[in-house]
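Have a look at the structure below, then the notes.
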Amino acid sequence: MKPRTDLEKLKRISAIGGIAMAVVAVVLMASAAFMVCGMGMALIDPSAFEGVQVEGFDGLTQSQALALFAFAMLVFGAMSVTFWTLSRIMTAISREYSPFTQDNVVRLTRIAYVFLGVSAVLLVLGLVTSARLDSVVSTIIVFLVAAVGVYSMALIFRYGAALQKESDETL
């Protein structure tokens, strides 16, 4: 049976997308866990990694390596939270009467705040570690633009929820 309306199409896509987003979130969390284990092993027993060559990372000091690790963990964590929250949004859309709910507004706002927080932490991390300015600034800009875009979507969803409520009360 084919979906007849855009809302039915959205619900069907969201049901599948919710599962896909949850899988991506779990994979990102597992990857972060493996990174933590590897970094922990390197800190506990640096000799275990003697002779290991990683292209592009030769000559890093221990503090630079830790800063790079913190950067990677921050990005993995932010993306895990984002994909998990998107999974919850899509699952809710597939089950609710309307995609425009206050819960989805809160979820989108949460993603925007995560991106804003990542930008702030990256700024501090970049200043403290004297990291390459161009890579830090470009990453901060990406997260700031994403925060503004997602927050704008939250406001659109808030307006849609208000219109939905008004429409429901009219009928």
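What's counted below: heavy atoms across the whole structure, side chains too, no hydrogens, waters or symmetry copies.
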Q) What's the shortest heavy-atom distance between Ser94 and Ala15, and which atoms? A) CB-N, 3.6 Å
If you round to the nearest 0.5 Å, how far is [atom2] of [Y] from [atom1] of [X]?
{"X": "Arg110", "Y": "Ile89", "atom1": "CZ", "atom2": "CD1", "answer": "9.0 Å"}
{"X": "Ser80", "Y": "Met73", "atom1": "OG", "atom2": "CE", "answer": "8.0 Å"}
{"X": "Leu10", "Y": "Ile93", "atom1": "CG", "atom2": "CD1", "answer": "5.5 Å"}
{"X": "Met90", "Y": "Arg95", "atom1": "CE", "atom2": "CZ", "answer": "13.0 Å"}
{"X": "Leu116", "Y": "Thr109", "atom1": "CG", "atom2": "OG1", "answer": "12.0 Å"}
{"X": "Glu8", "Y": "Ile13", "atom1": "CD", "atom2": "CD1", "answer": "12.0 Å"}

Q.
Are Val106 and Phe100 linked, directly or through intermediate hydrophobic residues, by side-chain heavy-atom contacts shorter than 4.5 Å (ILVMFWY only)?
A.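 In one cluster with Phe100: Val106, no.
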**Q.** Same apolar cluster (I L V M F W Y, side chains within < 4.5 Å links), Leu74/Ile111
**A.** yes
Contacts under 3.5 angstrom, residues 147-164 side chains, donor-acceptor by atom type, not counting sequence neighbours:
| from | atom 1 | to | atom 2 | distance (Å) |
| --- | --- | --- | --- | --- |
| Ser152 | OG | Val148 | O | 2.8 |
| Gln164 | OE1 | Ser98 | OG | 3.2 |
| Gln164 | NE2 | Asp168 | OD1 | 3.0 |

Residues 18-36 side chain polar contacts: donor-acceptor under 3.5 Å, at least two apart:
| from | atom 1 | to | atom 2 | distance (Å) |
| --- | --- | --- | --- | --- |
| Ser31 | OG | Val27 | O | 2.9 |

Q) Do the side chains of Leu7 and Pro99 get nearer than 4.5 Å, heavy atoms only? A) yes
Side chains of residues 117-124: which donor-acceptor pairs under 3.5 Å do they make with residues two or more places apart or in other chains?
| from | atom 1 | to | atom 2 | distance (Å) |
| --- | --- | --- | --- | --- |
| Ser119 | OG | Phe115 | O | 3.1 |
| Ser119 | OG | Leu144 | N | 3.4 |

Q | Exam field: side chain Ser87 to backbone Phe83, donor-acceptor pair closer than 3.5 Å | A | no
